[in-house]
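Below: the structure, in structure tokens.
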There are 2 protein chains.
Amino acid sequence: MRLNDLDERIVHALAEDARRSYADIGSEVGLSAPAVKRRVDRLRAEGAITGFTVRVDPAAMGWETEGFIEIYCRHNTSPDDIRRGLERYPEVVSASTVTGDADALVQIFASDMRHFERVLERIAGERFVERTKSVLVLSPLLRRFTSGAPA
Amino acid sequence: MRLNDLDERIVHALAEDARRSYADIGSEVGLSAPAVKRRVDRLRAEGAITGFTVRVDPAAMGWETEGFIEIYCRHNTSPDDIRRGLERYPEVVSASTVTGDADALVQIFASDMRHFERVLERIAGERFVERTKSVLVLSPLLRRFTSGAPA
DNA sequence: GCTGAAACGAAGACCCG
DNA sequence: CGGGTCTTCGTTTCAGC
């Protein structure tokens with residue numbers, strides 16, 4: 001599934017403002033509004049675009065404390081076990097299995113330090129978790145929602 | 001800056017689909033379309049909502065390789081130095097200063113391993129960087145764009 | 001915060017290269 | 001097959017209440 005240059009420019013425009021009108025985007029990329037809509041529909045059908053969402057200031061939502069938890073798993077834990085175990089936590093924003101010492105890296109948003117600690121303890125108590133190591137975010141420097149064009 | 005229950009339900013609806021109509025959201029939360037719009041406008045003005053964006057499948061955009069780079073900085077490096085140094089890289093999706101051994105944690109999307117390596121080398125060569133430690137993502141398990149309600 | 005009218009954008013049918 | 005034009009319909013937006 002490969003996107004051409006026009007598709008990428010449309011996605012880029014939507015990444016900056018997902019509520020821009022198709023006509024407006026079209027005038028930027030040199031297409032008519034229906035043409036833009038057709039491409040967006042196709043990108044959605046292909047799964048390249050998975051939806052539209054709002055960018056929220058975490059602090060405004062009451063999530064003052066951000067951190068990462070590295071999880072060291074017991075033997076015979078599959079990635080799917082980890083996913084199933086973590087998806088029940090609303091505080092978990094992202095999770096991936098990773099190379100290196102730890103098995104998984106989990107990003108957390110919590111309302112405050114006590115809340116973070118409570119989540120950490122519950123995750124550390126999961127059956128598949130052997131031990132954890134956590135890192136707190138001091139200040140968020142950059143938070144993009146889409147990356148730029150890869151070379 | 002505190003949001004009330006109605007605001008949170010509106011933000012939640014927009015988080016799931018930022019292109020839903022205000023009337024549609026209104027019927028869910030029990031408000032008319034203009035009332036919803038006024039609240040969204042206010043949330044934007046207050047900075048609680050910082051924009052609307054598209055959810056993209058990284059693979060479809062050609063970003064096959066994801067990873068994290070831990071940065072150990074030289075002395076006398078301010079968070080702002082790090083931010084200024086990193087914002088020039090389109091491959092950097094997020095960056096934060098963190099507690100623990102490393103000074104900053106940087107999330108990267110690259111097209112492939114060679115691309116990732118190239119970015120890593122360039123970042124490692126930045127003036128403020130003393131050394132780096134990097135971790136590759138094996139499989140993304142969970143990727144939410146907004147976290148759930150904090151207790 | 002609701003209602004109604006006017007401006008605007010979305011979505012589909014249709015035609016053209 | 002992909003893009004442009006036109007028309008219809010729904011949505012946004014602003015007034016007044």
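Predicted model, so just to flag it, every value in this text is computed and none were measured.
- Counting only heavy atoms from C-beta on, A:L31 has its side chain closest to D:dG3 among D:dG3, D:dT11, C:dG9.
- Put simply, CZ on B:R44 is 14 Å from C1' on D:dT12, counting in whole angstrom units.
- Atom CZ of A:R20 and atom P of D:dT11 are 22 Å apart (whole Å).
- Between C:dC2, D:dT11, C:dG12, one nucleotide has an atom nearer to the side chain of A:P34 than all others, and that is C:dG12.
- Considering only the side chain of A:A35, D:dG3 comes nearest among D:dG3, C:dC2, C:dA10.
- The aromatic rings of A:F68 and B:F68 lie perpendicular to each other, with more than 60° between the two planes, well past the 30° mark.
- Of the candidates D:dG3, D:dC6, C:dC2, D:dG3 carries the atom nearest the A:L6 side chain, counting heavy atoms from C-beta on.
- We find that CD1 of B:I25 is positioned 19 Å from P of D:dG10, with the value rounded to whole Å.
- Taking the centre and axis of the six-membered ring of B:Y72, the NZ or CZ atom of B:R131 falls inside the cone set by 45° and 6.0 Å.
- For the 3.5 Å distance criterion, the side chains of A:N4 and A:R39 qualify, holding a donor opposite an acceptor.
- Mapping B:S21 and A:S32 onto DNA chain D by nearest heavy atom places A:S32 closer to the 5' end of the strand.
- Residues A:A33 and A:R38 each lie close to DNA chain C; by heavy-atom proximity, the contact nearer the 5' end of the strand is made by A:A33.
- The side chain of B:K37 contributes no N or O atom lying less than 4.0 Å from OP1 or OP2 of D:dT12.
- Nearest to the side chain of B:R39, among D:dG4, D:dG2, C:dG1, sits C:dG1.
- Counting only heavy atoms from C-beta on, A:Y22 has its side chain closest to C:dA11 among C:dA11, D:dG4, C:dT3.
- Checked by atom type, the side-chain pair B:Q107/B:E66 shows a donor-acceptor distance below 3.5 Å.
- Rounded to an integer number of Å, the gap from CZ of A:R19 to P of C:dG9 is 13 Å.
- Remark: C1' of D:dT12 and CG of B:D41 are 11 Å apart, rounded to the nearest angstrom.
- In this entry the distance linking CG of A:D17 with P of C:dG9 reads 13 Å, nearest Å.
- Hydrophobic clustering, with ILVMFWY side chains joined whenever heavy atoms are under 4.5 angstrom apart, keeps A:V137 apart from A:V56.
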